[in-house]
There are 2 protein chains.
Amino acid sequence: MSAAFYQDEVKFYVAVDCIILGFNNKELNVLLYKRSFEPMKGQWSLMGGFVKSGESVDEAASRVLTDCTGIEHLFMEQIGAYGDVSRDLGERVISVAYYSLVNMNDFSPEILESHNATWTKISELPDLIFDHNQMINDTLSVLKKKAASRPIGFNLLPEQFTLPQLQTLYEAIYQTLLDKRNFRKKLNAMDILEKLDIKDKKSSKRGAFLYKFNEKKYNKWVEQGFDFSL
Amino acid sequence: MSAAFYQDEVKFYVAVDCIILGFNNKELNVLLYKRSFEPMKGQWSLMGGFVKSGESVDEAASRVLTDCTGIEHLFMEQIGAYGDVSRDLGERVISVAYYSLVNMNDFSPEILESHNATWTKISELPDLIFDHNQMINDTLSVLKKKAASRPIGFNLLPEQFTLPQLQTLYEAIYQTLLDKRNFRKKLNAMDILEKLDIKDKKSSKRGAFLYKFNEKKYNKWVEQGFDFSL
DNA sequence: CCAAAAGTGTTCATAGTACACCCATGT
DNA sequence: ACATGGGTGTACTATGAACACTTTTGG
């Protein structure tokens, strides 16, 4: 009976594509994989999959993310729908893109290998299949805007991080150099970080203090309207 | 042959829903219509339609917009995809929402009537079918952000408009009162308006000067990064 | 003549920006 | 001892925010 309502209409394959961003060595990276099936087998592509019959589009994206990272409940937001007629060369497929921000340290080489996946620097992106380059560009511009109004960037860092790390992250997002003192002044005013008594010596002899979030203060900022435009 | 690639996957109905916003009498309005078919016949709903086989999703939205306004090439941007399993009570339908900003004066009562459509104040929205209230809320928050970074608000006004009109428009978008002198000071600094020698006396005895865009200056602002956060 | 909306500048507080030197430590 | 990256404060500038009175004219 319910099928009768819309029966004259056409149906489409609907897919999700995930832009999984990580941060390492002063650069944003995206997780790409070598497509193992036709069409475009062997070409670089984003992680994706088709929406199944019993799941929502969000659930499909979440499933794909968990599949290829092994991690559940990752931070994830929708970018939008891509619906050009010939965007997929195999068949008409409408795709909804999602981006996720992850900590690259959480990825074992094994997980990556088992999916034919590799981290690729944003600055060295190859040509991807279909409209996947477009999806990444759209994500990067969304990220720039979002990062200024919500402290989402922290999803890209490990739980404990140094201020120089945080600064280079924002430099990578905004594609600009920031003044060290002004950056710290602003962070200090926000008062959302908790300084730990441990130093990280991976990147310098002197070592840099580690920080982590103060969840409560952080949530207060999010509610009251965040401004992180540096 | 191409069909073979994805043949194990499920297909879905894909629809577009259009949030058509107008501005009048100090308030934002949205175009709603009374649904003329099942399911939910007789309920209030956004303008929408199914994506047809030969058209892109954007084209479908554009078609729906032209259908119910009689105007071509309206300003239009995608809000996102809505893919919950049971969002449409008739059948599984994935919908992509678009918003458009229009000049309410361009709508003859006849066009509206012929679609069972009426303008409804945002502040007096009824319960709409499915997730359409959600779509409108999402649109309004996108609009708030976009209007601050691009001068899109002008799409809601006639070609010639007064400064008090423009101010109440931004007050409606931001849901706040603005200081007249600061508002004008900022606009003046931007230098994107052209003052005409005509006065509009519809809303006061004294009359207010009409302005229109200076397209060139306007485009310059858009390129160089716009800031209209009032 | 008066009600109702249009128009017009200045002052103050806040936030952003520019800028240079000392510190700690592993090699 | 020195090279490398970590850490700190101040002065200037620009931007946003608050604020009140005069002008015009239709009724």
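Residue numbers begin at 1 in each chain, while the letters A, B, ... track the order of the sequences. This structure is a prediction, so every number in the text was calculated from the model and none was measured.
Between the side chain of Lys186(A) and the base of dG16(C), no donor-acceptor pair under 3.5 Å is found. With hydrogens and angles ignored, a donor-acceptor pair under 3.5 angstrom links the side chain of Arg206(B) to the base of dA6(C).
At dG9(D), none of the side-chain N or O atoms of Lys185(A) fall inside 4.0 Å of OP1 or OP2 (strictly under the cut-off).
For the pair Asn133(A) (side chain) and Leu128(A) (backbone), a donor-acceptor distance under 3.5 Å is present. At least one donor-acceptor pair under 3.5 Å links the side chain of Gln167(A) to the backbone N or O of Leu178(A).
Looking at which nucleotide of DNA chain D each of Asp179(A) and Ser204(A) is closest to, the 5′-most match is held by Ser204(A). Residue Arg184(B) is the one, among Arg184(B) and Lys205(A), whose nearest nucleotide of DNA chain C lies closer to the 5' end (criterion: closest heavy atom). Along DNA chain C, the nucleotide closest to Arg181(B) and the one closest to Arg181(A) are compared, and the more 5′ of them pairs with Arg181(B).
When rounded to the nearest whole Å, the span between CZ of Phe209(B) and P of dT23(D) equals 15 Å. Rounded to a whole Å, the CG atom of Leu187(A) is 12 Å from the P atom of dG7(D).
Among dC19(C), dA17(D), dG26(D), the nucleotide with an atom closest to any side-chain atom of Lys201(B) is dG26(D). For Asn182(A), counting side-chain heavy atoms from C-beta on, the closest listed nucleotide (dA6(C), dG6(D), dG9(D)) is dG9(D).
Within the nucleic acid shown, Thr162(A) has no heavy atom closer than 4.0 Å to any nucleic acid atom.
Exactly one of Leu46(B), Val30(B), Thr69(B) qualifies for a side-chain contact (heavy atoms from CB on, under 4.5 Å) with Ile20(B). That residue is Thr69(B). Among Lys217(A), Glu215(A), Lys216(A), the one residue that satisfies the side-chain contact (heavy atoms from CB on, under 4.5 Å) test with Asn219(A) is Glu215(A).
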